[in-house]
Amino acid sequence: MKLLRRGSEFSIRVANTELMNSRIYGSEDALAELSCERMADRDGRLLIGGLGMGYTLAGVLSRVGPKASVVVAELVPAVVAWNRNEMAELNGAALEDPRVTVREANVLDVIRAEKNAYDAILLDVDNGPSALVSKTNDRIYSPTGLAASYAALRRGGTLAVWSADHDPAFTRRLKQAGFEVEARNVRARGRAGGSRYLVWLAKRS
Ligand SMILES: C[S@@+](CC[C@H](N)C(=O)[O-])C[C@H]1O[C@@H](n2cnc3c(N)ncnc32)[C@H](O)[C@@H]1O
């Protein structure tokens, strides 16, 4: 993974694929908005995986209450360091917010560590429900990975998954895991439009 900078613009690349560009964050914010509006308790507990440029985290922090607790799981320690230093200006130094706890860890391990623990789990770790950053990420989207997310959520909690594409097989797996599933279209540049992406909102019933 590489961080590139041109003036005030940042790009994170994995091999030759651009994972994120700092100028485009409408869908990362939509992931936060759609997840937070489903929370019964604005002072609840959320898990975000991964950190990226911190836009989803900043979006969550602007919408939850002062007593909320946000765990961020990020696989790549350099990404955490970039957010504390070079990229802090992008997300309002979100990692310094006292409601935030950062875990330099695989989000699946964090999911598996607790049961009935979260009101929302927000996943934006790949380009969708198939591995990109790390081959082992496929486990997150597998039936056992989804069962772990189901168990980690509190009743009524939401698993929200960002994706570049539709994936009917993943929708089926979510339903088979027991979730009530909704898929929402989101845009790369928010109200200004841009590329079309998708967020699955899977509710633990
Ligand atoms: C597309 S970026 C996330 C963008 C983020 N939503 C934002 O607002 O900037 C994907 C991030 O997930 C991280 N990641 C990938 N696999 C992971 C895993 N298994 N556990 C935790 N973080 C992971 C990557 O290192 C990268 O920082």
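Note: hydrogens, waters and symmetry copies are ignored here, and every other heavy atom, side chains too, is used. Each ligand, and each atom within it, is numbered from 1 in the order the structure gives.
Applying the 4.0 Å criterion to heavy atoms of Asn137 picks out, from ligand 1, the atoms 15 (C), 16 (N), 17 (C), 18 (C), 19 (N). For ligand 1, the atoms sitting less than 4.0 Å from at least one non-hydrogen atom of Leu51 are 5 (C), 7 (C), 9 (O), numbered in the order shown with element in parentheses. Against a heavy-atom cut-off of under 4.0 Å, Gly52 is close to the following atoms of ligand 1: 2 (S), 3 (C), 4 (C), 9 (O), 11 (C), 27 (O). Residue-ligand proximity, Ala105 to ligand 1, at heavy-atom distances under 4.0 Å covers atoms 20 (N), 21 (C). Which parts of ligand 1 touch Val79 is read off a 4.0 Å heavy-atom cut-off, strictly below it: atoms 27 (O). Atoms of ligand 1 found under 4.0 Å from any heavy atom of Asn106 (numbered from 1 in listed order, with element): 18 (C), 19 (N), 20 (N). Set against the non-hydrogen atoms of Met1, the atoms of ligand 1 under 4.0 Å away are 24 (C), 25 (O).
No donor-acceptor contact under 3.5 angstrom links the side chains of Asp167 and Tyr141, judged on distance only. Looking at Ser27 and Trp162, their side chains do bring a donor and an acceptor atom within 3.5 Å of each other.
The residues Arg45 and Asp119 are annotated as not salt-bridged, no charged nitrogen and carboxylate oxygen being separated by less than 4.0 angstrom. Between Arg38 and Glu182, at least one side-chain nitrogen of the basic residue sits less than 4.0 Å from a carboxylate oxygen of the acidic one, meeting the salt-bridge criterion.
Scanning all heavy atoms of the two residues, the minimum distance from Val80 to Leu95 falls at O-CD1, 3.9 Å. A pairwise comparison of heavy atoms in Val110 and Ala73 identifies CG2-CB, 3.9 Å as the closest pair. In plain terms, the two heavy atoms of Asn16 and Arg13 that are nearest each other are O-NH1, 3.8 Å.
Tracing side-chain contacts under 4.5 Å through hydrophobic residues (I, L, V, M, F, W, Y), one reaches Tyr25 starting from Leu3; they form part of the same cluster.
For the pair Val107/Ile140, a side-chain contact is recorded, criterion being any heavy-atom separation below 4.5 Å from C-beta on.
Polar contact with ligand 1: absent for Leu31 (N/O pair, distance under 3.5 Å). For ligand 1, one of its N or O atoms has an N or O atom of Val107 under 3.5 Å away. Considering backbone and side-chain atoms alike, Tyr55 places an N or O below 3.5 Å from some N or O of ligand 1. Close N/O approach between Met20 and ligand 1 is not found [any backbone or side-chain N/O within under 3.5 Å].
Proximity of Gly59 to ligand 1 is not established, as no heavy-atom distance is less than 4.0 Å. The closest approach between any non-hydrogen atom of Leu108 and ligand 1 is not below 4.0 Å. No heavy atom of Gly49 sits closer than 4.0 Å to any atom of ligand 1.
Residue Glu28 touches ligand 1 through its side chain alone, judged by heavy-atom distances below 4.0 Å. Heavy atoms from both the backbone and the side chain of Met53 come within less than 4.0 Å of ligand 1.
Counting non-hydrogen atoms of other residues, nucleotides and ligands closer than 6.0 Å to OH of Tyr150 gives a total above 12.
Considering only non-hydrogen atoms, atom 13 (C) of ligand 1 lies nearest to Glu74 out of Arg139, Glu74, Met87.
A donor-acceptor contact shorter than 3.5 Å links the side chain of Thr56 to the backbone of Glu28.
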